[in-house]
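First the proteins, then the strands, lettered A, B, ... as listed; each starts at 1. Quick note: numbers below take in every heavy atom, side chains included, and nothing from hydrogens, waters or symmetry partners.
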Amino acid sequence: MSDPTRFYITTAIDYPNSRPHIGTAFEKIGADVQARFQRMEGRAVHFLMGNDENTIKVSQAAARLGLEPRPYVNDMARQFQEVWKALGVSNDDFIQTSEERHHVGCRKFIQAVFDAGDIYKKGYKGRYCDGCEAFKTDKEVEEAGGRCPDHPNLTLRWVEEENYFFAQSKYAERLLAHYEANPDFIQPESRRNEIVNYVKGGLHDVSISRKGFTWGIKVPFDEEQTIYVWFDALLNYITAIGYGTDDERFAQLWPADVHVIGKDITRFHCALWPAMLMSAGVALPRRVFGHGFVYRKNEESGVLEKMSKTIGNIVEPMEIIQKFSAEAFRYYFMSQCPFGGDGEFSFERFAEVYNAAFADNLGNLYSRVLTMCAKYFEGRLEGADAIDPTAWRAGLDWPALVAELRAQVGAFQYNLALQRIWQDVLGSVNGYITSMAPFKLIKTDPDATRTVLINLAEALRVVAILIKPFLPTTAETFYRSFSYEKAWEGVCYEDTLSPARTSTLILTAELVGGKPVPLFPKIGA
RNA sequence: UGCGCCGUGGAGCAGCGGCUAGCUCGCCAGGCUCAUAACCUGGAGGUCGUAGGUUCGAUUCCUACCGGCGCAACCA
């Protein structure tokens with residue numbers, strides 16, 4: 001049993017045959033918010049990401065560039081990580097499935113399943129598509145006019161070979177029992193129903209090896225075969241943390257608290273993966289969260305489209321980061337797309353959201369508070385510990401609100417949490433400024449004005465903490481603008497329940513001409 | 001075909017048995033001037049896809065239908 005204060009979170013590993021797009025990034029950011037939040041809640045988080053490299057497509061992509069697979073995948077891994085870093089993703093590890101630790105763990109695992117009697121050899125013949133890396137049924141081929149429906153430009157090969165199969169079918173009953181006993185295993189709820197029905201319909205055994213490939217992991221009990229994609233890919237979650245190479249570390253971190261994955265691959269994670277683990281006698285992950293997809297809104301027709309190379313509507317994260325900012329990218333997707341459901345993207349909508357929530361609201365609030373502190377009190381708020389700076393949130397049931405936010409963030413309901421922070425918290429602060437009118441009050445009552453500004457500084461501190469998992473950079477900028485005593489690294493949601501007590505609060509932000517430089521300049525005219 | 005999801009003011013979403021159906025953008029009218037022409041208040045705009053049913057009462061539960069979408073073993 002792993003330590004309850006630990007939190008192990010993973011994302012799907014990506015095929016490095018093309019660069020990541022905003023949909024891939026959506027998943028990583030969603031996982032990152034959870035990782036950051038769990039760290040704030042005091043857990044020792046281990047956050048894993050990686051690339052899925054043991055596939056024929058990768059060696060083909062490398063060959064097109066005249067490269068050997070190894071330098072190709074290493075370069076792609078570097079590029080992927082560059083993007084993740086630019087987005088502020090705080091993963092602790094990045095596994096490439098071509099790494100030694102993965103190969104060793106994989107071979108150990110497949111051997112364990114073999115020893116459990118769940119792997120057998122079976123002859124297979126059929127038409128094989130190199131694009132799909134899969135056999136096609138006669139029906140599929142017939143309907144597509146003798147070609148692969150997904151790759152009509154490739155010629156199907158007639159393949160007759162013996163492959164190894166995993167006896168997934170044996171585990172249907174146990175899987176159903178597991179879903180029953182662990183209602184939270186598959187999230188969100190709608191995906192759960194899908195999987196339960198699927199497994200109830202009966203499971204097939206799956207082919208887990210291929211003959212004649214050199215790039216990939218060799219089957220330990222038959223060196224002529226290599227392990228085939230899924231059986232290999234899923235194992236990254238355990239090989240990365242020491243399965244087969246570091247038993248002590250593995251025992252500490254496993255089972256994973258949550259696998260964050262796309263809705264298209266929930267089946268592999270909710271049926272095949274647990275069946276594999278049951279066979280090998282390894283504990284099951286606690287939760288699988290299948291997030292939705294991001295669709296691209298066609299700016300001319302208004303129609304939502306799946307992003308694809310053929311349509312040519314792919315948006316790369318770097319494009320948005322360079323044009324706007326990584327923080328805006330994170331905010332847009334986390335606030336506009338329910339993580340469990342689907343979302344949409346268009347540049348038009350992006351600019352709209354950015355201007356309203358970032359420039360006009362969050363950024364402007366920061367500017368007006370700092371400017372008044374500098375202008376009226378030269379950045380020194382004395383006697384800050386003598387008052388109770390909670391007037392700014394007088395209308396809110398604060399403990400209840402914080403409790404709700406914690407629950408929402410923990411449940412991946414990011415859009416709801418952000419909506420609430422903007423509506424209730426930022427709304428209250430702006431309303432407080434209007435009703436107290438410190439810019440008028442300063443003319444008659446400096447002491448009362450100071451109290452208002454101490455309240456506002458406290459409000460900014462609270463906002464900084466609440467947005468920390470979502471907008472780490474902005475949050476830190478907010479927090480470091482005043483001399484709050486507690487170290488930024490250690491702040492948590494609970495710290496918003498009671499005001500920070502500092503005798504003299506000092507404005508530490510850099511000002512230009514008495515004002516902060518706008519954090520988020522408005523987009524457009 | 002099977003399974004699943006969705007259909008709420010012009011756009012994007014929340015609400016999921018019961019106070020005058022909320023929020024963001026846009027629009028209109030005021031207020032304010034500390035602030036990134038930002039902020040605050042008020043207003044116009046909805047038979048909550050259609051037709052039945054359950055109920056004292058349904059946007060919220062059930063059934064059918066219409067429309068959109070997704071998954072169905074390897075497209076994040």
Colleague: Pick the P atom in B/G52 and in B/A38, then give their distance to the nearest Å.
Modeller: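 Nearest-Å result for B/G52 against B/A38 at atom P: 48 Å.
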
Colleague: Please check if any side-chain donor atom of A/Arg210 sits under 3.5 Å from a side-chain acceptor atom of A/Gln225, or the reverse.
Modeller: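 Absent: no donor and acceptor within the cut-off.
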
Colleague: Is there a donor-acceptor contact under 3.5 Å from the side chain of A/Arg330 to the main chain of A/Gly88?
Modeller: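 Yes.
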
Colleague: For salt bridge (Lys or Arg N to Asp or Glu O under 4.0 Å), just list the numbers for A/Arg349 and A/Glu352, CA-CA rounded to whole Å, side-chain angles, deciding distance to a tenth of an Å, and then say yes or no.
Modeller: CA-CA 5 Å; A/Arg349 181 134 180 79; A/Glu352 186 183 304; 3.2 Å; yes

Colleague: Take atom NZ of A/Lys200 and atom C1' of B/A72, then tell me their distance rounded to the nearest Å.
Modeller: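 Answer to the nearest Å: 17 Å.
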
Colleague: Tell me the interatomic distance from A/Ile261, atom CD1, to B/C74, atom P, rounded to whole angstroms.
Modeller: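 After rounding, the reported distance stands at 16 Å.
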
Colleague: Side chains of A/Tyr237 and A/His269: donor-acceptor distance under 3.5 Å anywhere?
Modeller: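 Short answer, yes.
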
Colleague: Which nucleotide in the list B/C40, B/A76, B/G70 gets nearest to the side chain of A/Lys263?
Modeller: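 Among B/C40, B/A76, B/G70, the one nearest the side chain of A/Lys263 is B/G70.
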
Colleague: Taking the nucleotide of RNA chain B with the nearest heavy atom to each, does A/Gly262 or A/Gly202 sit closer to the 5' end?
Modeller: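 With A/Gly262 and A/Gly202 compared, the 5'-side residue is A/Gly202.
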
Colleague: Would you check if there is a donor-acceptor pair between the side chains of A/Glu27 and A/His291 at a distance under 3.5 Å?
Modeller: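 Yes - a donor-acceptor pair under 3.5 Å links their side chains.
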
Colleague: Pick the P atom in B/U59 and in B/C65, then give their distance to the nearest Å.
Modeller: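 Rounded to whole Å, the distance is 22 Å.
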
Colleague: Could you state the atom-to-atom distance from CD1 of A/Ile442 to P of B/U33 in whole Å?
Modeller: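 About 15 Å, once rounded to whole Å.
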
Colleague: Taking the six-membered ring for Trp, are A/Tyr331 and A/Phe470 ring centroids under 6.0 Å apart?
Modeller: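 So the answer is no for these two rings.
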
Colleague: Contact class for A/Asn364 (heavy atom, under 4.0 Å): base, sugar-phosphate, or nothing?
Modeller: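 Counting heavy atoms under 4.0 Å across all strands, the contact made by A/Asn364 includes a base.
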
Colleague: Using a cut-off of less than 4.0 Å, is there contact between a side-chain N or O of A/Lys515 and OP1 or OP2 of B/A35?
Modeller: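 Yes, within the criterion.
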
Colleague: Expressed as a whole number of angstroms, how long is the span from A/Tyr332:OH to B/C13:C1'?
Modeller: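 The answer, rounded to whole Å, is 12 Å.
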
Colleague: Give a yes or no on whether a salt bridge exists between A/Asp205 and A/Lys122, defined as a side-chain N under 4.0 angstrom from a carboxylate O.
Modeller: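 No salt bridge links A/Asp205 with A/Lys122.
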
Colleague: In residues 366-376 of chain A, which residues come under 4.0 Å of RNA chain B by heavy atom?
Modeller: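 Under 4.0 Å from RNA chain B: A/Ser367, A/Arg368, A/Thr371, A/Met372, A/Lys375, A/Tyr376.
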
Colleague: Looking at A/Asp14 and A/Arg19, does any basic side-chain N land under 4.0 Å from a carboxylate oxygen?
Modeller: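 Here A/Asp14 does not pair with A/Arg19 in a salt bridge, since their nearest N and O are not under 4.0 Å apart.
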
Colleague: Using a 3.5 Å cut-off on both pairing distances, which stems of three or more Watson-Crick or G-U pairs include RNA chain B?
Modeller: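 Detected stem regions: B:1-7 with B:66-72, B:10-13 with B:22-25, B:27-31 with B:39-43, B:49-53 with B:61-65.
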
Colleague: Report the distance from atom CG of A/Asp264 to atom P of B/C74, rounded to the nearest whole Å.
Modeller: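 Spelled out: CG on A/Asp264 to P on B/C74 is 11 Å.
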
Colleague: Taking the same atom, C1', in B/C74 and in B/G67, what whole-Å distance lies between them?
Modeller: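 It works out to 31 Å between them.
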
Colleague: Which residue, A/Phe350, A/Phe324, A/Phe26, forms the ring-ring contact (aromatic ring centres under 6.0 Å, His included) with A/Tyr332?
Modeller: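 For A/Tyr332, the ring-ring contact (aromatic ring centres under 6.0 Å, His included) check succeeds only for A/Phe350.
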
Colleague: With the threshold set at under 4.0 Å for non-hydrogen atoms, list the residues of residues 349-362 of chain A touching RNA chain B in residue-number order.
Modeller: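 Close to the strand are A/Arg349, A/Glu352, A/Ala356, A/Ala359, A/Asp360.
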
Colleague: In whole angstrom, give me the gap between the C1' atoms of B/C69 and B/G30.
Modeller: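 44 Å, rounded to whole Å.
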
Colleague: Which value, in whole Å, describes the distance between the C1' atoms of nucleotides B/G22 and B/U60?
Modeller: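 Their C1' atoms lie roughly 14 Å apart.
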
Colleague: If you measure from the P atom in B/C62 to the same atom in B/G18, how many Å do you get, rounded?
Modeller: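 Their P atoms lie roughly 15 Å apart.
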
Colleague: Between A/Gln34 and A/Tyr414, is there a side-chain donor-acceptor contact under 3.5 Å, judged purely by atom types and distance?
Modeller: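 The answer is yes; a qualifying pair exists.
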
Colleague: Suppose you measure atom C1' in B/C23 against the same atom in B/G45; what distance do you get, rounded to whole Å?
Modeller: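 About 15 Å, rounded to a whole number of Å.
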
Colleague: For A/Asp424 and B/U24, give me the distance from atom CG to atom P, rounded to whole Å.
Modeller: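 Spelled out: CG on A/Asp424 to P on B/U24 is 10 Å.
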
Colleague: Could you check whether A/Phe478 and A/Tyr366 have their ring centres less than 6.0 Å apart?
Modeller: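 Centroid distance A/Tyr366-A/Phe478: below 6.0 Å, so yes.
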
Colleague: Using the P atom as the reference point in each nucleotide, state the distance between B/C75 and B/C39 in Å, no decimals.
Modeller: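 Nearest-Å result for B/C75 against B/C39 at atom P: 45 Å.
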
Colleague: Assess the side chains of A/Arg420 and A/Gln408: does a donor N or O sit below 3.5 Å from an acceptor N or O?
Modeller: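 Distance-only check fails for A/Arg420 and A/Gln408.
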
